[in-house]
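To start, the structure itself, in structure tokens.
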Amino acid sequence: MIPHLLPRGTCLCSEFEMPQTPFYIAHYLDRAITEPASRLFPDGFAADVKPADPRFGDFQANGILPYARRHRVNPREAAHTLLEAADESASWDPAWVTAEIAGPGFINFRFSNAFLLAWLQQYRTESDLRSAAVSLQAGRRAVVDYSAPNTAKQMHVGHIRSTVIGEAVARMLAFSGATVIRDNHIGDWGTQFGILIMAIKETGADPANLGPDPLQALEDLYRKGSALATADPNLQERARHELVLLQQGDPGNTALWEQIRTVSYEGAQEIYDLLGITFDHVHGESFYRDRLDTVYDELVRHGIAQEDDGALVVFHPEHPRFARQPFIIRKRDGASNYATTDLATVLYRVEELAADAIFYVVGAPQSDHFEQLFLTVGKWFEATGRPQPEMRHLSFGTILGEDGKSIRTRSGEPPQLKALLAEAVDRAYALVSDKNPSLTEPERREIARVVGIGAVRYADLAQNRTSDYLFSWERMLSLEGNTAPYLLYAVARIHSIFRKSGIAPGEQEAAATPFESEGEIALARKLVQFPAALEQSLADLRPHLLCTYLFELSGTFSSFYNSDRVIGAETAVESRRLLLCARTLCILETGLHMLGLETLERM
RNA sequence: GCGGGAGUAGCACAAUGGAUAGUGCAACGCUCUUCUAAAGCGUAGGUUGUGGGUUCGAGUCCCGCCUCCCGCGCCA
């Protein structure tokens with residue numbers, strides 16, 4: 001339930017009746033004009049309320065224009081009629097929000113300074129925001145499938161996007177009320193094991209004793225195996241056979257596979273510890289192997305899959321491309337592949353986890369695979385009478401190096417994630433030591449960790465996930481522009497104000513009067529846009545919209561900070577400015593935490 | 001060849017079919033005896049690849065063309 005604005009005439013200052021302001025204000029305004037509109041315009045009126053350019057108002061409703069066109073009426077007149085009816089039914093208190101018609105027929109809503117203050121007095125803490133936000137996705141049960149490294153390989157820069165975006169998406173969903181199941185779907189059942197097992201047997205390596213960097217050793221072994229297989233068709237065949245043996249439960253290969261898995265998990269865990277990420281499931285593809293026969297049987301029985309050239313494949317005759325481009329679910333040699341395990345995984349998630357939504361945070365090059373997967377699941381579950389989960393591929397672009405090509409080290413390999421994160425922390429350490437040498441060594445280390453890791457994560461999140469992005473140390477660690485250091489600096493400065501004043505955030509706000517200065521008003525208006533930004537970001541699960549909002553909020557705060565002195569102002573003024581600082585701090589920290597960043601008290 | 005994505009200021013990027021296309025770097029000015037100047041303020045910078053179309057309104061939707069990236073039978 002969205003709480004309602006006070007009806008007109010209610011006393012705003014009663015101690016017993018705290019004024020209630022809606023959290024999702026756009027929803028409130030939408031309903032407030034949709035209700036009278038449903039009487040005036042019986043057929044299909046959508047209010048279309050969205051954040052407005054601050055010059056025009058706080059929110060605007062654009063729905064009149066398409067309506068007027070459809071019904072050949074004058075849009076401004078229709079808007080006028082609508083506003084009169086809304087006014088009649090006291091949809092909003094004019095002391096809090098005013099509406100006016102502008103341009104060809106926009107309805108602009110503008111909040112009063114009293115409203116801004118009331119809103120900010122109501123949503124005071126991260127937990128206030130959280131409890132108010134949950135109405136958006138309450139009851140939804142969503143699996144977020146992300147990170148998904150392969151066993152026997154170091155995580156490299158290519159995994160950062162899935163890991164970082166997936167974590168942010170999971171947090172955003174959870175914040176807005178969904179039950180989130182974080183699932184790290186590790187690639188531990190594929191072709192690479194055939195090659196690896198073959199290589200182990202050929203070279204006589206001991207997977208239980210791989211030296212100081214066992215994961216690196218495995219990766220080298222894999223590379224060696226690949227080279228062997230490429231050079232010698234017999235070994236290629238041998239590798240395939242080892243995989244088939246493994247998938248058939250051969251005890252020797254299973255033991256090797258267990259050892260490889262253990263080494264790989266431990267390696268990946270280092271990264272997750274560094275990023276503060278915990279999964280609910282780290283099942284891996286292998287976990288689903290006892291469901292693969294169900295997949296084959298049911299898809300064949302319902303005529304969805306067919307034999308083709310020795311393999312079991314699914315075609316989608318209605319689709320322009322997948323009518324001929326197969327979805328291979330069983331290879332000619334009888335081995336499963338990731339199409340098979342992905343199908344089995346959907347089955348598990350729907351039957352055992354009762355998921356009603358599954359989000360795959362995987363790179364754009366795999367979009368064909370997911371499109372085929374979703375089509376196949378649709379037919380399969382339709383035929384078997386299972387509930388259809390919402391499935392979405394949250395695809396993302398490639399990370400490019402400064403040369404505009406897919407990022408590589410000098411040796412031609414993608415940079416390792418561990419090394420990349422370490423370099424970020426080192427660079428941040430150099431920066432903080434330079435900018436703030438008075439801090440103690442341990443303080444600078446801690447700041448470097450938060451800023452360095454945060455910079456890498458934020459650089460990734462701040463950009464539209466669907467496009468490729470250019471990796472640049474200089475840019476991501478800059479204190480200028482839409483970067484983690486800039487946002488963290490804003491947070492640190494607010495903490496500094498409270499530290500200097502000896503006041504805790506949230507204290508000494510009682511004397512606050514409505515905002516007056518340009519800086520105060522701009523900041524307050526920006527703060528109340530937080531729910532709308534969250535909602536927009538959630539609509540297509542695009543974290544960069546939340547980033548943009550937080551960056552703009554930081555900028556608005558910095559302007560305010562430079563123009564309006566907080567400490568030492570006259571009591572009522574100081575009080576309301578402290579309130580603004582406390583709320584800015586709260587929303588910035590809430591937002592940054594939602595993106596997976598830690599925040600600092602000084603830097 | 002077929003299919004997908006992309007092309008916005010010198011550079012990196014925003015912009016849910018809406019109002020005068022924004023932000024940050026870089027450039028040029030200005031502002032620290034005052035809460036962190038790691039900041040703020042200002043100036044300049046655009047035929048949104050290109051040609052058509054739909055619309056009251058197009059960077060956004062449709063069609064053609066150009067350029068780049070990616071995918072397309074047993075890898076994940």
Side-chain angles (χ1 to χ4, degrees), chain A residues 48 50-53 55-56 60 62 65-66 68-69 75 102-106 108 148 150 153 187 189-192 195 240 285 308-313 319-322 324-333 335 337-339 341-342 362-369 371 395 397-398 400 404-406 431-432 434-436 451 462-464 466-470 472 474-475 478-483 485-486 488-490 492-501 535-536 539-540 542 544-545 547-548 551-552 554-555 558-569 577 581 602-603:
Chain A
D48 193 20
K50 49 187 66 171
D53 184 319
R55 284 172 298 186
F56 302 128
Q60 63 182 76
N62 295 342
L65 289 156
R69 173 179 31 184
F106 303 115
N108 292 334
N150 289 319
K153 269 189 174 173
W189 203 235
T191 307
Q192 79 269 30
I195 293 176
R240 266 201 205 104
E285 297 175 315
D308 195 273
D309 201 10
L312 191 61
V313 308
H319 192 280
R321 200 153 19 106
F322 304 138
R324 312 197 53 135
Q325 184 178 319
F327 190 51
I328 298 171
I329 64 170
R330 189 176 60 209
K331 302 194 286 182
R332 197 187 340 208
D333 60 15
N337 64 6
Y338 82 138
T341 49
D342 271 1
V362 180
Q366 289 187 48
S367 55
D368 275 5
H369 168 75
E371 209 179 323
S395 89
T398 311
L400 307 176
K405 294 187 173 158
S406 177
L431 269 175
V432 66
D434 178 46
K435 301 285 188 190
N436 213 341
V451 172
Q463 196 156 132
N464 190 345
T466 56
S467 43
D468 292 351
Y469 102 88
L470 211 72
S472 159
E474 203 183 326
R475 250 193 283 278
S478 166
L479 281 298
E480 291 159 3
N482 190 5
T483 66
Y486 178 82
L488 293 173
Y489 178 65
R493 289 217 288 190
I494 302 174
H495 275 294
S496 177
I497 291 173
F498 287 107
R499 201 162 48 234
K500 282 276 161 62
S501 65
E535 204 180 341
Q536 281 187 326
D540 283 308
R542 292 190 298 166
H544 84 279
L545 295 173
C547 293
T548 301
F551 170 59
E552 287 172 359
S554 298
S558 291
S559 301
F560 159 81
Y561 178 92
N562 272 46
S563 63
D564 295 15
R565 191 171 170 80
V566 178
I567 301 167
R577 290 185 181 170
C581 288
R602 59 180 93 214
M603 67 183 270

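Residue numbering restarts at 1 for every chain, and letters A, B, ... go by the order of the sequence lines.
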Quantified in whole Å, what is the P atom distance between nucleotide rU16(B) and nucleotide rG49(B)?
-> 15 Å

For Ala148(A), which residues count as a side-chain contact (heavy atoms from CB on, under 4.5 Å) partner, sequence neighbours excluded?
-> Asn184(A)

Give each protein N/O atom lying under 3.5 Å from an N/O atom of nucleotides 69-73 of chain B, with the pair distance.
unit_1, atom_1, unit_2, atom_2, d
rG71(B), O2', Asp368(A), OD2, 3.2
rC72(B), O2', Gln325(A), OE1, 3.3
rG73(B), O6, Asp308(A), OD1, 3.1
rG73(B), N1, Asp308(A), OD1, 2.6
rG73(B), N2, Asp308(A), O, 2.9

Comparing Gln463(A) with Arg332(A), nearest RNA chain B nucleotide closer to 5' gives the residue Gln463(A)

Under 5.5 Å between ring centres and under 30° between planes: does that hold for Phe106(A) against the base of rG18(B)?
-> no

Using the P atom in both, what is the distance from rG17(B) to rA6(B), to the nearest Å?
-> 13 Å

Whole-angstrom distance between rU48(B) and rC13(B), as gauged at atom C1' | 14 Å

Hey, are the side chains of Leu312(A) and Lys331(A) touching, using non-hydrogen atoms and a 4.5 Å cut-off?
-> no

By side-chain contact (heavy atoms from CB on, under 4.5 Å), which residues pair with Asp309(A), not counting sequence neighbours?
-> Arg332(A)

Keeping the roles fixed (side chain from Asp48(A), backbone from Asn62(A)), state whether a donor-acceptor pair exists under 3.5 Å.
-> no

Interatomic distance at C1', rU20(B) relative to rC11(B), whole Å = 25 Å

Once you round it to whole Å, what is the distance between C1' of rU20(B) and CG of Asp53(A)?
-> 9 Å

Tell me: CG of Asp540(A) to P of rG5(B), nearest whole Å?
-> 14 Å

Specify the separation, in whole Å, of atom OH of Tyr338(A) and atom P of rC75(B).
-> 11 Å

Sticking with atom C1', work out how far rG18(B) lies from rG10(B), rounded to a whole angstrom.
-> 31 Å

If you look at every strand shown and take non-hydrogen atoms under 4.0 Å, does Ala102(A) touch a base, only sugar-phosphate, or nothing?
-> base

Could you tell me the separation between the NE2 atom of His544(A) and the C1' atom of rA15(B), rounded to a whole number of Å?
-> 9 Å

Whole angstrom value for the distance that separates C1' of rC13(B) from CD of Glu552(A) = 13 Å

With no angle test and no hydrogens, is the base of rA19(B) tied to the side chain of Asn62(A) by a donor-acceptor pair under 3.5 Å?
-> no

Take atom CZ in Arg321(A); do more than 12 heavy atoms of anything else shown fall under 6.0 Å from it?
-> yes

Mind checking the P distance from rC41(B) to rU23(B)? Whole angstroms is fine.
-> 10 Å

I'd like a table of atom pairs between the protein and nucleotides 37-40 of chain B - only N or O on both sides, under 3.5 Å - with the distance next to each one.
unit_1, atom_1, unit_2, atom_2, d
rA37(B), OP2, Arg493(A), NH1, 2.7
rA38(B), N6, Met603(A), O, 3.0
rA39(B), OP1, Leu479(A), O, 2.6
rA39(B), OP2, Glu480(A), OE2, 3.3
rA39(B), O2', Arg493(A), NH2, 2.7
rG40(B), OP1, Tyr486(A), OH, 2.7
rG40(B), O4', Asn562(A), ND2, 3.1
rG40(B), O3', Ser559(A), OG, 3.2

By salt bridge (Lys or Arg N to Asp or Glu O under 4.0 Å), which residues pair with Asp540(A), not counting sequence neighbours?
-> Arg392(A)

In whole angstrom, what separates Asn464(A)'s CG from rU8(B)'s C1'?
-> 14 Å

Taking atom P in both rG46(B) and rU8(B), compute the distance separating them and give it to the nearest angstrom.
-> 15 Å

Provide the distance between the two P atoms, one in rG45(B) and one in rG52(B), to the nearest whole Å.
-> 27 Å

Determine the contact category for Thr191(A): base if any of its heavy atoms lies under 4.0 Å from a base atom, sugar-phosphate if only primed atoms, P, OP1 or OP2 are that close, otherwise nothing.
-> sugar-phosphate

Side chains of Leu470(A) and Gln463(A) in contact at under 4.5 Å (non-hydrogen atoms) = no

Lys331(A) side chain N/O closer than 4.0 Å to the phosphate oxygens (OP1, OP2) of rC75(B)?
-> yes

List in chain and number order the residues that pass side chain to side chain donor-acceptor pair (under 3.5 Å) with Tyr486(A), two or more places apart in sequence or in another chain; answer none if no residue qualifies.
-> none

N or O in side chain of Thr341(A) less than 4.0 angstrom from rA76(B) OP1/OP2 = no

Whole Å only: how far is the CZ atom of Arg475(A) from the P atom of rA14(B)?
-> 12 Å

Judged by nearest nucleotide, the residue sitting upstream toward the 5' end of RNA chain B, Pro320(A) or Arg55(A), is Pro320(A)

Base-pair string, RNA chain B, Watson-Crick plus G-U, cut-off 3.5 Å on both distances, | for inter-strand, is (((((((..((((....[...)))).(((((.......))))).....(((((..]....))))))))))))....

List for me each residue that meets salt bridge (Lys or Arg N to Asp or Glu O under 4.0 Å) alongside Arg577(A), sequence neighbours excluded, and say none if there are none.
-> Glu520(A), Asp564(A)

NA contact type, Leu470(A), heavy-atom cut-off 4.0 Å: base, sugar-phosphate, or nothing?
-> sugar-phosphate

Under the 3.5 angstrom rule, does the side chain of Asn337(A) hit a backbone N or O of Ile328(A) as a donor-acceptor pair?
-> yes

Would one find a side-chain N or O of Lys50(A) under 4.0 angstrom from OP1 or OP2 of rG18(B)?
-> yes

Please name all residues satisfying salt bridge (Lys or Arg N to Asp or Glu O under 4.0 Å) with Asp53(A), sequence neighbours left out, ordered by chain then number.
-> Arg55(A)

Letter per nucleotide, 5' to 3', of nucleotides 53-59 of chain B [B base touched, S only sugar-phosphate touched, - untouched; heavy atoms, 4.0 Å] = --SBB--

Of all residues at least two apart in sequence or in a different chain, which pass the side-chain contact (heavy atoms from CB on, under 4.5 Å) check with Tyr489(A)?
-> Arg493(A), Met603(A)

Partner residues of Glu480(A) under the side-chain contact (heavy atoms from CB on, under 4.5 Å) criterion, sequence neighbours left out = Ser478(A)

May I ask you to verify if any side-chain N or O of Gln536(A) is less than 4.0 angstrom from the OP1 or OP2 atom of rU16(B)?
-> no

Euclidean distance, atom CG of residue Leu545(A) to atom C1' of rU23(B) [Å, nearest integer] | 14 Å

